[in-house]
Amino acid sequence: MPARIWALTVKEFLALLRDKVSRMALIVPPILQLVVFGYAASFDLNHVPYAIYNEDSGAAARNFLARFAGTSIFRPVAEVNSDAQAARLLESRDALLVLHLGPHFTRDLLLHRSAPVQVIIDGRNSNTAGIALNYVSAVVQGFNEQWAADHGWDHPPALLKIRAWYNPNLLSRWFIVPGIVGLLTLVVAMVVTSLSVAREREAGTFDQLLVTPYRPLEILIGKALPGLIVGLLEGTGIVLIAVLWFHVPLLGSLAALYLGLIFFLMSAVGVGLMISAAAATQQQGLLGAFLFLVPAVILSGFATPIANMPPAVQYLTYLNPMRYFLVILRGVFLEGDGVSLLWSQYLPLAAIGLLTMATAAWLFRHRLY
Amino acid sequence: MLVFEDVTKRFSGAAGPALEGLSLTLEPGGIVGLFGPDGAGKTTLLRLAAGLLRPDAGRVVVLGHDTRREAAAVQGAIGYMPQHFGLYEDLTVQENLDLYADLQSLPHPERPQRYAELLRLTALGPFGARLAGQLSGGMKQKLGLACTLVRPPRLLLLDEPTVGVDPVSRRELWAIIERLVREGGTTVLVSTAYLDEAQHCREVVLLREGRLIGQHRSAVFTAPLAGRVYMVPAGEGERRALQRSLEGAPDVLDALIQAEGVRLVLKEGGAPPVGAQPAAPRFEDAFVALLKPAAAGALPAAPRAVDPPSDGEVIRVQDLGRRFGSFAAVKGVSFAVRRGEVFGLLGANGAGKTTTFRMLCGLLPPSSGSLSVAGVDLRSAPAQARGRIGYVSQKFSLYGNLSVEQNLAFFAAAYGLTGARRKERLSRALCEFELTPYRCVDAADLPLGYKQRLALAGALMHEPDILFLDEPTSGVDPLARREFWQRINAFAAAGVTVLITTHFMEEAEYCDRLVLMSLGEVLAAGTPAQIRARAVRDDLPHPSMEDAFVELIEQHEAGLRSAA
Amino acid sequence: MNTRLVGLMRKEVLQIVRDPSAIAIAFVLPVVLLLIFGYGVSLDAKHVPVGVVVDAPTPQTQAFVAGMRESPYFDVREYGGIAAAREAMQERRINGIVWLRGDFSRRALTAGDAPVGVAVNGVDANDARILEGYVQGVWVQWLAREARLRGGRLALPVELQSRIWYNPALRSRDYLVPGLIAVVMTLIGALLTALVVAREWERGTYEALMATPVSMREILLGKVLPYFVLGMGGMALSVAMALWLFHVPLRGSALVLFGSAALFLLAALGMGLLISTAAKSQFVAGLIAIIVTFLPAFILSGFIFDIRSMPEPIQVITHVIAARYFVAILQTVFLAGNVWSVILPNGAALLVMALFFLGIVARLSRKRLD
C-alpha cells in the first residue's frame with residue numbers, strides 16, 4: 001500500500017487512540033457488553049416466580065406440585081389462600097403466575113375424572129407469559145403421562161416428541177450470542193467512522209487534507225481502514241469470547257466467517273462514512289449514527305424474526321447490512337455453513353459497501369457549503 | 001485595583017511554569033498593555049485575574065477580593081473578554097446582548113439606554129437582527145466587547161481583542177476602549193501582539209517566559225534606544241535586498257522594511273551605515289532590543305531552486321465571482337501573480353479574501369469567472385497538481401490531538417516524502433521553526449504563536465512552488481513575524497510564488513504587489529507605493545499603508561452607502 | 001426566578017430553535033422509531049412455513065392437515081417424501097417438518113408414542129419454541145375432535161385452564177410499545193444533552209460565560225430545563241402514538257405516567273450532561289453516548305428480555321440502567337393500572353438516579369479552567 005495512504009491511516013488511529021477516554025471507550029465496553037449481554041439477552045426463562053393457591057390436601061396435589069418444584073425453571077415464592085392475595089402478588093410482579101388447585105383435585109383424579117388446574121399469569125410481558133405457559137403445559141403433560149400410565153387411563157399420547165435441529169436443547173443463548181457479535185461489531189464500526197469526517201470539517205482540518213495531493217479515493221481508504229482494522233480485531237475478540245466463554249459451537253469454516261465479517265465491515269464503515277461526510281457538524285453526525293444504528297439493530301432479526309414483520313418492513317430490511325450478517329453468523333456458527341452457501345448474503349453486503357463508500361467519497365468534495 | 005503577589009502557575013504536562021514568581025500592582029485608571037512573546041503567559045495572567053484559574057502559589061487580589069476565595073465577587077465586578085470570545089453564533093446580535101444583560105443582572109429599565117449606548121459605540125445598531133455567526137471578524141470582536149461591557153465593569157480584561165481584525169475595525173475598537181476609560185473611569189488591562197498599540201497605553205507590562213521583564217510607561221522602555229534607531233532610504237525595488245544585507249551586518253540588531261526604506265536598530269555602540277538618517281525609537285524597537293535572542297537564529301537555508309525563473313504568470317484570476325445564496329461574497333475579481341512574486345491580498349474583514357483563497361485552492365467552486373493556478377484549475381486538476389501548492393488557512397487547522405511531531409510526520413507523508421528526505425525535512429522543520437521543545441506537545445495545547453508556526457511548517461514541508469497564506473501571522477509575536485518574513489523573502493528569492501493576506505499593514509510593505517479588496521471587489525492594485533499614492537491628500541502628504549487602507553476602504557464603503 | 005437563569009434558558013431555547021437537529025431528536029426520532037417498532041417488531045409468529053409429509057393419506061390425516069391449514073400460524077407446504085422436506089429445511093425454506101408416518105391412522109388413537117415426527121429449526125430457540133407450542137395445539141385439537149367423533153371426549157387427568165391477565169390476547173405490541181418508549185426516551189435524553197456542554201467548551205463560549213457572575217448551578221439548570229421541556233414533548237408524542245396509533249390500553253393514570261416520565265427524563269438528561277461534562281470534546285462525548293445508551297437500554301432494561309430470568313450477577317448490573325425502572329412502570333401503568341407496589345419503588349429508584357447523575361455533574365463542573 002502506498003506510504004501516503006498508510007500515513008493517513010496511522011493519523012486516524014492516532015486521533016482515535018491518543019485520547020485515553022476514547023481508547024478505553026473503544027476497547028472495554030464491547031468486551032464487557034458481550035459478557036453481560038451474553039448472559040442477559042435470552043428468551044429462556046429461569047427461576048420463574050410462581051405462587052401456589054392449593055385448596056386440596058390430597059396426595060395427588062402434592063405430587064402435582066412437586067413436579068413444578070422439581071424443575072429449575074420455576075421458583076415458588078409464596079403460598080396463598082385467597083384470590084385477592086394471588087392478585088396482589090401478580091400485580092406487584094412478585095409472582096409471574098399463580099397455580100390454583102381446586103378442593104376436589106385429588107378426588108376427581110382418583111375417580112378418573114379430569115381435574116381442572118387454573119393458571120393465572122401476568123401478561124404484561126406477553127412473550128414471557130407465552131413462554132411460561134408453554135413450560136407450564138409441558139410440566140402438566142408430563143404429569144398426565146405419568147398419571148395415565150400409573151393409574152391405567154387409556155388415552156392417546158397428548159405430547160408430541162419434537163426434535164430441534166442445530167440447537168437440540170433450544171438454548172436461546174446459541175441464537176443470541178452470535179447476534180451480539182454482529183451488534184457489537186456494528187457499534188464499533190459506527191463509533192470509529194460516523195464522526196470522523198464531521199469532526200475534521202468542524203476543526204477545519206478537512207480543508208487542509210483536501211489541498212494535499214490525496215485523491216478522494218485515497219482519503220476514503222485512509223478513513224475506512226481504521227474502521228476495518230478495529231472491527232476485525234474486536235470482531236475476532238468477540239468471536240473468541242463467544243466460543244471459549246459461552247461455548248457456542250462454531251461448526252462452519254473460519255473462512256466463511258471472516259469473509260462475512262470483512263464484507264459486513266465494509267458496508268458498516270461505508271454507511272458510517274457516508275453519514276459523516278454528509279453531516280456538517282458532529283451533532284448531526286451523531287444523530288445520523290443513531291438514526292441508522294437503532295433501526296439497523298431492530299430490523300435485523302436479532303431479537304425478533306424478520307419473518308414476523310409486515311411485508312413492507314421486510315422489504316426495508318433488505319437495505320440493512322445487519323440482516324445479512326446475522327444470517328452469515330448463525331449459519332456459520334450453528335449450521336456449519338461454508339462459503340459457497342453464503343454468496344447470497346455476501347453479495348448484497350458488498351453492494352451496500354461499494355455504494356455507500358462511493359457516495360461518501362463523492363460527498364468529500366461536493367458537499368454544499 | 002489588581003495585585004499579583006509572587007504568583008506561580010503550572011499546568012500539568014507543560015515543561016516549565018506558565019507564570020513564575022510574578023508580582024504586579026495595577027493602579028486604577030487608564031489602559032495598561034500586556035506584551036510579550038508567544039508563550040510568555042499573557043493569557044494565563046488574564047485568566048488568573050478573572051478568577052478562572054487558581055494560582056499554585058502566591059495570591060491574586062482583584063478590587064480587594066482574593067480570587068481564590070471570592071471568585072464570585074471578582075466576576076461580579078470585572079469584565080473579561082477571552083481570546084476567542086464565545087459569541088453564540090446561532091444567536092442574533094441583540095440576543096447575545098440580552099443574554100449578557102441577563103447574566104450580569106442588568107435591571108430591565110436601564111437596558112434600552114445601555115443598549116443604545118453600546119450599539120452607538122460599536123456601530124452595530126443596523127445589525128441587531130443578524131446572527132452573530134454571519135458577522136465579519138471585526139464586528140464579532142466589537143460585539144464581544146459590547147457583551148462584556150453590558151454592565152460597566154470597574155476592571156476590564158481583554159485578551160488580544162484585535163487579533164484577526166482589519167485596520168479599520170482595529171482603530172474603531174481602540175476608539176471604543178479609550179472612550180470607555182475617559183468617560184466611564186474603567187481600568188483596562190489588555191494583551192496584544194500589535195506593538196504599535198502601546199501608544200494607547202498608560203503603562204506597559206512586559207512578560208517573557210512567565211516572568212516580569214518590566215512595568216513602565218512605554219517611553220521608559222524606549223529611552224535607552226535614543227540614538228540607535230536610523231532610517232536608510234531606499235526605493236521600492238531594492239528594499240528587500242537592502243534589508244537582507246543590513247540584517248547580517250555586525251552592528252545591526254534589527255532591520256525592518258518600511259514605506260520609505262529600511263528601519264535600523266543598532267546594537268549598543270554600533271555605528272550607522274552611510275546615508276542613514278536618525279529616527280525616533282518606538283516601543284517595537286525596545287521590544288526587539290529587549291527580547292531578541294542574543295544569537296539570532298541562523299537564516300534559513302535557501303530552498304531548492306524551482307524551475308528557471310521566468311516572467312510567466314503563475315496565478316491568473318479572471319472575473320471571479322462567488323455567491324452564497326443571495327449574498328455575493330466575491331464579485332468579478334481579476335488579478336495575476338507572476339512567478340517568484342510576493343503578492344498581497346488586503347482588505348477589511350469580510351472583503352472576500354478567504355473566499356477567493358478557497359476558490360484558488362480548489363476547496364470551493366466559483367460561481368462565475370475563471371481561474372488557473374500553475375496553469376490548471378485545482379478543483380478539476382489531477383491530484384498531483386495539488387502537490388505543488390502549500391496552504392495555511394486562517395483558522396488553525398492541524399490535528400489538535402496529535403503531537404507536533406505527529407502532525408508534521410503526517411503532512412510529510414501526505415505529500416509523498418519518503419525515507420531520508422522525509423527525515424531530513426522533518427528535523428529541519430522542527431529546528432527552523434523552533435518547535436523542537438514542543439515536539440511531543442499536542443498541537444491544541446500550543447500557544448497561539450506556535451500554532452501558527454506549526455501550520456506554516458506543515459505547509460512548507462514539501463517545498464511547494466506556490467504558497468497560499470491566509471493571515472499566517474495573526475496573533476504571532478513580532479519576533480516570530482520577523483523570522484517568518486525572512487523565510488518568505490528567501491522563498492521568493494528562490495522563485496517560490498507567495499500569495500498572502502494579512503492585517504499587519506507594515507507587512508504589506510513586504511509584498512511586491514498587492515490588491516486591496518472591499519466588499520468582494522478589487523479596489524486598488526499595484527505596488528505598495530502606488531497604493532499609498534492613492535491616498536495622498538494635502539493634509540496627509542506621506543500616508544502610511546494603514547492610512548491608505550483606511551482611507552480607501554472608507555471611501556468605497558461610503559460610496560456604496562450613498563449609492564444605496 | 002432570577003434573570004440570569006431566565007437569560008440562560010432563553011439562550012438555550014433560541015439555539016434549539018435555530019439548530020433543527022435538536023427538534024429532530026425530540027420529535028422525529030420517536031416517531032420514526034415507534035413506527036418501525038410498532039409495525040415492524042413482533043414476536044408473534046404467523047404464517048411460519050412448515051413442511052408436511054403424509055406417508056399414507058386417509059380421512060384422519062386429511063383432518064389433521066386441515067387443522068394445520070386453518071391455523072393462522074402455519075403456511076403449510078406438502079412434500080411427497082421426508083427426504084425432500086429435509087432438504088427444504090436445510091436450505092431454510094421451511095422452519096419445521098410435520099411427518100405423519102404410514103401407521104398414523106392405525107396408531108394415532110392408541111396409547112404409546114404418537115406416530116407423528118416433528119422437527120423444527122432450533123437456531124432461533126424462541127421462535128422454535130413458539131412453533132412447537134402451535135404444533136402441539138393442533139395435535140391436541142385433533143385428538144379432541146377425533147374423540148368427539150367417536151361420541152366421547154378427550155379425557156386428560158389434569159386440564160389446564162389458563163387465564164392471562166392484563167393482556168389476554170398476548171399481543172406483543174402491547175408490551176413492546178411501552179417498553180420502546182423507555183428506550184426511545186433514553187436515546188432522546190442522552191442525545192439532547194450529550195453534546196451541549198462539550199460544544200460550549202469547543203466553541204469557547206464557556207470561558208466567556210464563566211467570567212460573568214452567573215453560578216454553575218444556574219448554568220446547569222439553564223441547560224437541563226429547556227431540554228427537559230423538549231423531552232417531555234417527545235414523551236407526550238410517544239404516548240399519543242401508543243394510544244391512538246397502536247391502540248395500547250392505558251389502564252393507569254396519565255398523571256403517574258408523566259410523573260415517572262419526568263423523573264426518568266431527569267435521569268437520562270443527567271447522564272447526557274455527565275458524559276458531556278466529563279468528555280469536554282464533542283467527539284469523545286458522541287463516542288461514549290453511542291456506546292453506553294442504546295444497547296444497554298435495549299438489552300438490560302427488561303424491555304425484551306425478562307430481567308428475572310437473567311443470572312443473579314447480571315440482575316445486579318441491570319440496577320444501574322435507569323430504563324429498567326421506567327420499563328417496569330410503563331408496562332404496569334399501561335397494561336395493569338396504578339399498582340403502587342410497582343410504581344413507588346421504581347419511581348424512588350429513578351429519583352435516586354436523577355439526583356445521582358445531576359449531583360455528580362454539579363460536582364464535576366467548577367467555574368474554573370484548571
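Chain identifiers are assigned alphabetically (A, B, ...) following the order of the sequence lines, protein sequences preceding nucleic acid strands; residue numbering begins at 1 within each chain.
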Which bit of C:Val135 comes within less than 4.5 Å of chain A, counting heavy atoms only: side chain, backbone, both or neither?
both
Output for pair (C:Gln282 CD, A:Arg199 CZ), nearest 0.5 Å, gives 10.5 Å
With a 4.0 Å cut-off, would you call A:Arg330 and C:Asp124 a salt bridge?
no
Does any heavy atom of chain A fall under 4.5 Å from the side chain of C:Val158, the backbone, both, or neither of them?
both
From A:Leu291 atom CG to C:Leu33 atom CG, the distance as rounded to the nearest 0.5 Å:
7.0 Å
Could you look at C:Val284 and say if it's the side chain, the backbone, both or neither that has a heavy atom under 4.5 Å from chain A?
side chain
Could you measure the distance from the CZ atom of C:Arg199 to the CD atom of A:Glu202? Nearest 0.5 Å is fine.
9.0 Å
Using the six-membered ring wherever Trp is involved, compare the ring planes of C:Phe305 and A:Phe302 and label them parallel, tilted or perpendicular (cut-offs 30° and 60°).
perpendicular
Nearest 0.5 Å, what's the CG-OG distance between C:Leu287 and A:Ser194?
8.0 Å
Could you look at C:Arg86 and say if it's the side chain, the backbone, both or neither that has a heavy atom under 4.5 Å from chain A?
both
What closest approach, in Å, do C:Ile290 and A:Leu286 show between heavy atoms, and which atom pair accounts for it?
CG1-CD1, 3.6 Å
Is there a side chain to side chain contact (heavy atoms under 4.5 Å, CB included) between C:Thr332 and A:Arg124 once you walk through the steps?
CA-CA 7 Å; C:Thr332 298; A:Arg124 269 171 278 188; 2.8 Å; yes
